[in-house]
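Both ligands and their constituent atoms are indexed starting at 1 by order of listing.
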Amino acid sequence: MVIIFVNSAFLIACARIAGSMALFRLPGLIDPHVHLRDPGQTHKEDFFSGTTAALSGGFTTILDMPNNKIAITTEQLLKEKIAIAKGSIVADVGFYFGSMGDNLNEFPKVVDKVFGLKLYLNQTTGNLLINKNKLKSIFSAWGKTVRHLPILVHAENESLRSVLDVVKETKQNVHVCHVSTQADLALILREKESRLPISCGVTPHHLFLTEHDANVLGPFGKMKPPLAKRKDVDFLWKNLKAIDVVESDHAPHTRKEKLETTFGVTGLETTLPLLLTAVWEKRLNIDDIVRLCVTNPARIFGCQTDPNTHIEVDQSISYTIENRKLYTKCGWSPFANWRVKGKVRRVILRGKKVFEDGKGISVAKGSGRIIFPVPCAD
Ligand code: DOR
Ligand code: ZN
């Protein structure tokens, strides 16, 4: 099997399919930020349901976060997670490692198995939360072990400033997850201009929803970071060209749990239709989708994709997002009842049709692959 890096040459492969003006072929999309909950909270999602949702939404490669019920902070826990995933996944899955600053000696043991280190500086699901005083030692230990793999941060407001100070000192590659406010994005853009090695992502919920929707959605509009003001959302759209990736932050919780205090919304099945609708509305174009959901995530996280993997989308089909049609185990979306234009028609994984018109054709457990980062001499 030939594996290539997705690069600009691959863009040329994005072609209209003969005979239809609206049917497009795109490379399989990469979502670099999902929470599949397996192991530990498989009543919310598991490797099979989560990767089936990914395929249904056009994502053939996803990178899974470490904030499991027992956070993935040791090689042993990572190995166990990989072993569970192996027999269950139907899309390709890679992993991140977590830290609270007390597992630095584990870094050398896992760097060949993960796409980056995730640090939480603000409240999230699970107990992976660090104090900013730990940043310097974690950054130094990670950088000494494997400089090229990024550190991903959940860092809002003041926490973001602390992270950027440490990036200035260490020059470590950092990816700032789910940027949601004008202030944070403006700061990141300034530092990018001064050539700090940072990238950033935005989520579909922060692009398509505001704090007004949070009022209407009630608990189903609660996530971290929270939905922002109209002016923040407008600023994200205005600067989309400078944003590196769209990441769903697919974070399933059951309906019952949402009525209690849980943060997070689903996203794997709604990201692409929302982006295609925005293309229809001329707010972005297909090349932007490929940049945000394929080429940039491949470059930033060093993930390889397979040239015989692609998706076909029809831009002319309008439909309504319905909870009952979702594959995510928790069965709800903050975008339920939204009318969208642009639908995933087919998903081809390594030359084999695996999804067609919302139905799994060949989604045998274990048919997805665990992916690992490309080794880099540094
Ligand atoms: O809303 C969120 N949910 N934000 C996070 O940072 C974590 C996620 C989750 O795991 O539920
Ligand atoms: Zn997340």
Side-chain angles (χ1 to χ4, degrees), residues 30-47 50 53-54 59 62-73 81 93-100 114-130 150-157 159-160 163 174-181 184 200-209 211 213-214 217-228 245-268 270-271 297 301 328-330 332-335:
I30 301 170
D31 189 337
H33 190 149
V34 303
H35 301 263
L36 294 189
R37 310 297 193 204
D38 201 349
Q41 293 173 313
T42 51
H43 64 287
K44 297 175 195 268
E45 195 78 286
D46 60 32
F47 281 123
F59 288 89
I62 55 182
L63 300 182
D64 185 44
M65 288 291 168
N67 64 328
N68 289 73
K69 184 150 191 210
I70 298 174
I72 307 302
T73 54
K81 190 181 196 183
V93 180
F95 299 98
Y96 297 114
F97 199 54
S99 182
M100 289 201 283
V114 296
F115 287 87
L117 177 72
K118 177 71 185 283
L119 301 179
Y120 291 87
L121 287 107
N122 296 96
Q123 192 200 346
T124 184
T125 301
N127 59 2
L128 270 182
L129 186 64
I130 60 161
I151 294 182
L152 297 88
V153 292
H154 179 149
E156 306 168 37
N157 314 318
S159 311
L160 176 61
V163 168
V174 162
H175 177 77
V176 183
C177 298
H178 42 52
V179 180
S180 61
T181 63
D184 283 1
C200 67
V202 293
T203 70
H205 43 272
H206 293 118
L207 282 174
F208 291 93
L209 301 172
E211 61 183 7
D213 298 288
L217 287 163
F220 296 93
K222 281 210 164 68
M223 75 292 286
K224 296 283 184 183
L227 294 176
V245 303
V246 165
E247 50 194 36
S248 74
D249 199 4
H250 178 80
H253 298 279
T254 64
R255 285 189 175 86
K256 186 167 171 286
E257 288 165 339
K258 285 305 282 180
L259 299 176
E260 298 144 19
T261 314
T262 52
F263 298 104
V265 295
T266 60
L268 276 168
T270 45
T271 299
F301 301 102
T328 176
K329 203 182 259 193
C330 70
W332 64 271
S333 160
F335 298 104

Which angle, to the nearest 10 degrees, do you find at the Zn ion (ligand 2) between OD1 in Asp249 and NE2 in His33? 90°

The protein heavy atom nearest to atom 3 (N) of ligand 1 is Phe263 O, 3.0 Å

Pairwise distance CD(Glu45) to NZ(Lys329) - rounded to 0.5 angstrom: 7.5 Å

Enumerate the atoms of ligand 1 whose separation from the nearest heavy atom of Asn67 is less than 4.0 angstrom. 9 (C), 10 (O)

Look only at interatomic distance and state if Met223 has a nitrogen or oxygen under 3.5 Å from any nitrogen or oxygen of ligand 1. no

Compute the ring centroids of Phe335 and His205, then answer whether they are less than 6.0 Å apart. no

Under 4.0 Å, heavy atoms only, figure out whether ligand 1 is touched by the backbone of His154, its side chain, both or neither. side chain

Quick one, Met100 and Leu128 - any side-chain contact, counting heavy atoms below 4.5 Å? yes

Mark yes when over 12 heavy atoms from residues, nucleotides or ligands other than Ile70 sit less than 6.0 Å from its CD1; otherwise mark no. no

Got a donor-acceptor contact below 3.5 angstrom from the Lys258 side chain to the Gly264 backbone? yes

Can you find a non-hydrogen atom of His253 under 4.0 Å from ligand 1? yes

Of all protein heavy atoms, the one nearest atom 8 (C) of ligand 1 is Ala251 CB, 3.6 Å

Residue portion contacting ligand 1 (non-hydrogen atoms closer than 4.0 Å) for Met65: neither

Among protein heavy atoms, which lies nearest atom 9 (C) of ligand 1, and at what distance? Thr125 OG1, 3.1 Å

Which residue and non-hydrogen atom of the protein lie closest to atom 4 (N) of ligand 1, and at what distance in Å? Lys224 O, 2.9 Å

Looking only at distance, does Tyr120 have an N or O less than 3.5 Å from an N or O of ligand 1? no

Closest heavy-atom pair and its distance - Cys330, Thr266: SG-CG2, 3.3 Å

Is Glu247 reaching over with its side chain to a backbone N or O of His178, donor-acceptor style, under 3.5 angstrom? yes

N/O of Gln123 under 3.5 Å from N/O of ligand 1, yes or no? no

Is there any N or O on Gly264 that sits under 3.5 Å from an N or O of ligand 1? yes

What do we get for Lys118 next to ligand 1 when only non-hydrogen atoms under 4.0 Å count, side chain, backbone, both or neither? neither

Among Thr124, Thr203, Leu128, Asn122, which one has a heavy atom closest to atom 7 (C) of ligand 1? Thr124

Carboxylate-amine/guanidinium contact Asp46 Arg37, below 4.0 Å: no

His35 N/O/S atom closer than 2.8 Å to the Zn ion (ligand 2): yes

With heavy-atom distances below 4.5 Å as the criterion, would you say the side chains of Leu259 and Phe220 are in contact? yes

Does Asp38 pair with Lys81 as a salt bridge, N-O distance under 4.0 Å? no

